[in-house]
Amino acid sequence: MTTPDAATPSNFISTIIKEDIKANKNNGQVVTRFPPEPNGYLHIGHAKSICLNFGLAKDFDGRCHLRFDDTNPSKEEVEYINSIKQDVAWLGFEWGEHLYFASDYFGQLYDYAVELIKRGKAYVCDLDAAKIREYRGTLTEPGKNSPYRDRSVEDSLDLFVRMRDGEFEDGSRVLRAKIDMASGNLNMRDPVLYRISKVAHHRTGDDWCIYPMYDFAHGLSDSIEGITHSICTLEFEDHRPLYDWFLDELEVDCHPQQIEFARLNLSYMVMSKRKLLQLVNGGFMSGWDDPRMPTISGLRRRGYTPESIRNFCERIGVAKRDSVVDIALLEFSIREDLNKRAPRVMGVLNPIKVVIENYPEDLVEELDAINNPEDPGAGTRKIPFSRELYIEKEDFMEDPPKKFFRLAPGREIRLRYGYFITCKDVVKDDSTGEIIELRCSYDPATRGGNSPDGRKVKATLHWVSATHAINAEVRLYDNLFTVENPALQKDGADFKECLNPNSLKVLTSCKLEPSLAGATPGSLFQFERLGYFCVDPVDSNNKSPVFNRTVTLRDTWARIQKGKKK
RNA sequence: UGGGGGAUGGUCUAAUGGCAAGACAGCAGACUCUGACUCUGCCUAUCGGGGUUCGAAUCCCUGUCCCCCAGCCA
């Protein structure tokens with residue numbers, strides 16, 4: 001046994017496993033699995049499960065299988081299998097040789113079904129879907145036995161073979177377990193094991209026209225693979241008696257333990273595959289990898305790192321109560337990671353021109369800038385300074401309030417790594433009154449940003465040289481929804497009604513320092529004083545670079561303003 | 001009104017009969033060539049009512065509230 005390292009917080013599942021190991025259950029072995037259905041893209045909620053399952057295997061010196069739960073070919077596609085594999089690997093987990101598909105077990109599962117019939121524990125039922133529903137009863141009333149329930153073993157066997165051989169139409173018959181139509185647990189009211197579906201399977205082709213249901217396939221697949229701890233989400237809690245029933249009735253050697261935990265919810269986000277699919281299909285998102293999506297591919301495109309997601313999953317913990325994690329915690333995790341690793345650069349999102357009147361017309365100076373103060377090894381770079389610059393529009397106010405430290409008429413500030421400049425004049429558009437240019441002077445003695453006489457300035461601003469800057473598109477992202485829990489809408493309102501109309505803002509005339517020319521797609525930067533940005537891996541190219549804002553920097557000034565408005 | 005679960009600061013998670021802890025958020029301050037980072041301090045919690053016990057978030061009784069289940073989806 002390996003003791004989990006101190007960094008891995010304990011949770012009720014690792015506690016159970018520790019006790020199992022102590023009792024030498026499963027010979028002290030730990031085998032988990034991550035079992036996605038290939039019917040959609042993985043999201044941050046799956047990441048929680050992936051980190052849990054692979055993390056537990058690692059902590060206890062076991063292994064974790066990647067198994068596709070592909071028992072419903074009408075909803076599943078190879079595209080999803082590939083994206084899921086990519087996402088799990090990108091998150092940093094290795095399944096090695098342990099890649100499996102429930103469809104690999106179709107033959108064995110079929111044999112198990114036959115065995116169940118032989119044991120008098122399953123029967124072919126001719127009721128249609130509506131009748132089965134009717135016979136099932138309700139939450140408060142018991143169900144009724146199907147008229148086919150007492151069909152002989154021979155008849156059921158014969159019918160089941162003929163189901164497999166394609167003799168019957170879709171929906172005309174099913175194989176059901178014979179359990180208890182009066183059970184308070186609806187899952188035990190003779191659940192369906194196999195249905196007829198003459199649909200080609202993405203892996204087994206036309207080999208089968210009957211497919212096993214989740215409850216039947218899942219536990220047995222776990223058993224076949226020698227899983228010790230089958231970890232799933234809370235809604236499967238009342239499936240557990242059924243999970244155990246199949247394994248007990250078939251007297252298999254390996255009987256994994258199902259343990260349930262609460263799925264992840266994030267504030268200002270929806271997490272259900274169904275809802276995410278609606279956003280994609282309804283054209284609300286550019287795709288599954290839209291940077292506003294909580295999908296792994298969306299987060300990756302947004303600029304999230306695998307490590308930040310893993311840290312996040314560790315911090316949120318694992319428990320059984322329903323919860324909604326503040327999205328601020330996710331943002332904290334990526335800021336924390338990027339602060340350490342992202343090179344600093346300067347870029348102006350909403351440019352306003354600054355002319356340094358006493359700076360020589362054709363002089364260009366190369367100034368030294370630190371690439372990452374958190375990482376001395378990252379070195380320095382040169383940035384050009386010239387007479388005409390751009391600064392951020394919101395870094396200037398003609399009539400500044402008390403706590404505004406930035407540039408204003410007559411005020412001196414520092415241009416980062418540049419010079420102290422003082423605003424001398426404001427040029428406005430005659431017709432609109434809009435400020436179009438600031439006329440400033442600079443102090444040549446402050447080159448590099450230090451004043452020899454020791455005088456202080458209240459602010460340091462980012463800037464770029466007008467003639468040297470490259471143009472770029474920058475996409476600013478905000479919460480996808482305007483309310484904390486969009487899934488919990490009153491009066492049956494659609495969750496899409498609280499989509500944030502400002503979740504994406506595209507800025508097309510941004511000016512970036514020249515070192516950013518040709519930046520690698522996917523690479524990450526801190527735009528000083530603004531936030532972390534990543535080169536969009538899809539839409540960016542050398543001619544027209546596109547940057548996604550991963551997350552803003554913590555912004556005290558914004559909070560002061562917000563507090564004032566109240 | 002059947003069955004299965006769950007209630008610890010604003011949020012998430014620990015404490016398994018012995019000082020209610022950590023992270024995020026928030027507030028105040030220090031530092032600062034990023035109003036960032038970092039550092040310091042503060043605010044805020046055991047669902048209610050009984051009981052057992054020297055001692056209860058934890059055990060017992062009782063009540064309340066929340067979530068899940070009536071797919072031939074997973």
Side-chain angles (χ1 to χ4, degrees), chain A residues 9-12 15 35-37 39 69 71-72 74-76 125 127-129 132-134 136-143 170-176 182-189 191-197 210-211 213-215 217-218 232-241 260 262 264 267 273-274 314-333 335-336 339-340 344 346 369-370 373-374 403-406 414-418 420 448-450 457-462 484 526-531 552-560:
Chain A
S10 77
N11 59 60
F12 79 99
T15 303
E37 185 191 13
N39 70 343
D69 221 336
T71 56
N72 185 3
S74 63
K75 288 189 176 175
E76 297 155 8
C125 179
L127 257 26
D128 64 22
I132 287 183
R133 192 180 313 125
E134 192 185 318
R136 185 155 34 222
T138 68
L139 292 179
T140 51
E141 306 158 62
D170 285 15
S172 58
R173 276 173 239 263
V174 292
L175 182 71
R176 293 228 256 169
S183 172
N185 181 347
L186 266 44
N187 296 116
M188 301 301 270
R189 319 243 262 229
V192 172
L193 272 47
Y194 268 90
R195 75 283 214 184
I196 303 169
S197 178
I210 57 171
Y211 294 96
M213 297 287 291
Y214 165 85
D215 286 302
H218 198 92
C232 63
T233 42
L234 247 32
E235 68 272 24
F236 291 103
E237 209 150 19
D238 33 287
H239 291 241
R240 190 175 353 119
E260 311 84 10
L264 170 66
S267 60
K273 267 194 204 174
R274 211 191 95 254
E314 199 160 273
R315 265 189 266 261
I316 58 174
V318 179
K320 292 198 73 158
R321 77 186 77 128
D322 293 313
S323 61
V324 181
V325 173
D326 193 337
I327 197 150
L329 187 57
L330 217 212
E331 295 179 341
F332 168 80
S333 299
R335 282 195 191 106
E336 176 193 45
N339 178 49
K340 286 181 295 188
R344 317 283 126 130
M346 292 198 284
I370 295 164
E374 304 289 321
K403 285 188 173 176
F404 185 88
F405 304 146
R406 285 111 97 143
R414 169 170 42 232
L415 293 176
R416 176 140 236 226
Y417 302 125
F420 284 16
N450 293 302
V457 286
K458 291 277 266 185
T460 300
L461 307 187
H462 62 277
E484 263 192 52
Q526 183 195 103
F527 288 10
E528 292 211 34
R529 302 210 304 132
L530 294 175
T552 61
L553 251 30
R554 206 158 156 272
D555 191 346
T556 307
W557 170 237
R559 254 184 292 143
I560 291 169

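Below, chains carry the letters A, B, ... as their sequence lines are ordered, and counting in each starts from 1. Computed from a predicted model, the values in this text were never measured in an experiment. Heavy-atom basis, side chains included; hydrogens, waters and symmetry copies ignored.
Within 4.0 Å (heavy atoms only), A:Arg189 reaches no atom of the nucleic acid at all. Nucleic acid contact for A:Glu260: none, since no nucleic acid atom lies under 4.0 Å from a heavy atom of the residue. Contact annotation for A:Tyr211: no contact, since no heavy-atom pair falls under 4.0 Å across all strands. A:Arg240 comes within 4.0 angstrom of nothing in the nucleic acid, heavy atoms only. As judged by a 4.0 angstrom heavy-atom cut-off over every strand, A:Phe404 is placed among the base-contacting residues.
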| Per-nucleotide protein contact string for nucleotides 69-74 of chain B, where B marks a base within reach and S marks sugar-phosphate only (heavy atoms under 4.0 Å, - for neither) | BBSBSB
| query | How would nucleotides 7-14 of chain B be written as a contact map, 5' to 3', with B for base contact, S for sugar-phosphate-only contact and - for no contact, using protein heavy atoms under 4.0 Å? | reply | SB--SSSS
| request: Report, as a single string ordered 5' to 3', how protein heavy atoms within less than 4.0 Å touch nucleotides 39-44 of chain B: B base, S sugar-phosphate only, - not at all. | output: ------
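Looking only at side-chain heavy atoms (C-beta outward), A:Val192 and A:Arg176 come within less than 4.5 Å of each other. For the pair A:Leu186 and A:Asp238, the minimum side-chain heavy-atom distance is 4.5 Å or more. Taking the side chain as every heavy atom from C-beta outward, A:Pro35 and A:His218 approach each other to under 4.5 Å. Inter-residue side-chain proximity for A:Asp170 and A:Arg195 is flagged as unmet; no heavy-atom pair is nearer than 4.5 Å. Contact check for A:Pro241 versus A:Asn187: no side-chain heavy atoms found under the 4.5 Å cut-off.
Nucleotides B:C47 and B:G6, compared at atom C1', are 12 Å apart to the nearest Å. On the P atoms, B:G71 is 27 Å away from B:C65, given to the nearest whole Å. Look at the C1' atom in both B:A36 and B:G18: the space between them is 44 Å, to the nearest Å. Taking the P atom of each, B:A30 and B:C67 are spaced 46 Å apart, rounded to whole Å. Taking atom P on both B:A20 and B:A25, the two are 26 Å apart, rounded to the nearest angstrom. Remark: the separation of the P atoms in B:U64 and B:G22 is 36 Å, to the nearest Å. For the C1' atom pair drawn from B:G29 and B:G10, the interatomic distance equals 23 Å after rounding to whole Å. Going from the P atom of B:U62 to that of B:U58 covers 16 Å, rounded to whole Å.
Residues that satisfy the salt bridge (charged side-chain N to carboxylate O under 4.0 Å, His left out) test with A:Arg315, not counting sequence neighbours, are A:Glu336. Residues passing the salt bridge (charged side-chain N to carboxylate O under 4.0 Å, His left out) test with A:Glu260 are A:Arg240, A:Lys320, sequence neighbours excluded. With sequence neighbours left out, A:Arg529 forms a salt bridge (charged side-chain N to carboxylate O under 4.0 Å, His left out) with A:Asp395. Listed by chain and residue number, nothing satisfies the ring pair (Phe, Tyr, Trp, His ring centres under 6.0 Å) test with A:Phe420 (two or more places apart in sequence, or in another chain). Remark: A:His462 pairs with no residue by the ring pair (Phe, Tyr, Trp, His ring centres under 6.0 Å) rule, at least two apart or across chains. With sequence neighbours left out, A:Phe527 forms a ring pair (Phe, Tyr, Trp, His ring centres under 6.0 Å) with A:Phe533, A:Phe547. In this view, A:Glu134 and A:Lys131 satisfy the salt bridge (charged side-chain N to carboxylate O under 4.0 Å, His left out) rule, not counting sequence neighbours.
Rounded to whole angstrom, the span from the NZ atom of A:Lys458 across to the P atom of B:A36 amounts to 13 Å. Between A:Arg416 atom CZ and B:A36 atom P there is a gap of 13 Å when expressed in whole angstrom units. Rounded to whole Å, the distance from CZ on A:Phe332 to C1' on B:G26 is 15 Å. The distance from atom CD of A:Glu331 to atom P of B:G26 is 11 Å, rounded to the nearest whole Å.
Each of A:Thr140 and A:Ala558 has a nearest nucleotide on RNA chain B; the 5'-most of these lies closest to A:Thr140. Each of A:Ala328 and A:Thr460 was matched to the nucleotide of RNA chain B holding its nearest heavy atom; the match closer to the 5' end belongs to A:Ala328.
Using modelled atom types and a 3.5 Å distance limit, the side chains of A:Arg416 and A:Thr460 yield no donor-acceptor pair.
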| field | Strand RNA chain B in bracket notation, Watson-Crick/G-U under 3.5 Å with | for pairs to another chain | value | .((((((..((((....[..)))).(((((.......)))))....(((((..]....))))))))))).....
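Closest approach of A:Ser183 and A:Met188 over heavy atoms only: OG-CB, 3.6 Å.
Applying the 3.5 Å distance criterion, the base of B:U1 shares no donor-acceptor pair with the side chain of A:Glu141.
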| task | Report the C-alpha distance between A:Asp326 and A:Glu484 in whole Å, list the side-chain angles of each, state the deciding distance to 0.1 Å, and finish with yes or no for side-chain contact (heavy atoms from CB on, under 4.5 Å). | result | CA-CA 9 Å; A:Asp326 193 337; A:Glu484 263 192 52; over 6 Å; no
| message | A:Asn39 vs A:Asn72, test: side-chain contact (heavy atoms from CB on, under 4.5 Å). Steps then yes/no. | response | CA-CA 9 Å; A:Asn39 70 343; A:Asn72 185 3; over 6 Å; no
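For A:Lys458, the NZ atom counts as loosely surrounded, since its 6.0 Å shell holds 12 or fewer non-hydrogen atoms of other residues, nucleotides or ligands.
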Check the interface with nucleotides 27-29 of chain B: list each N/O to N/O pair with the protein under 3.5 Å, or write none.
residue	atom	partner	partner atom	Å
B:C27	OP2	A:Arg559	NH1	2.8

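Because its glycosidic torsion is within 90° of 0, B:G71 is reported here as syn.
Considering only side-chain N and O atoms, A:Arg335 lies nowhere under 4.0 angstrom from the phosphate OP1 or OP2 of B:A36.
Between the CD atom of A:Glu331 and the CZ atom of A:Arg554 there is a distance of 12.5 Å, given to the nearest 0.5 Å.
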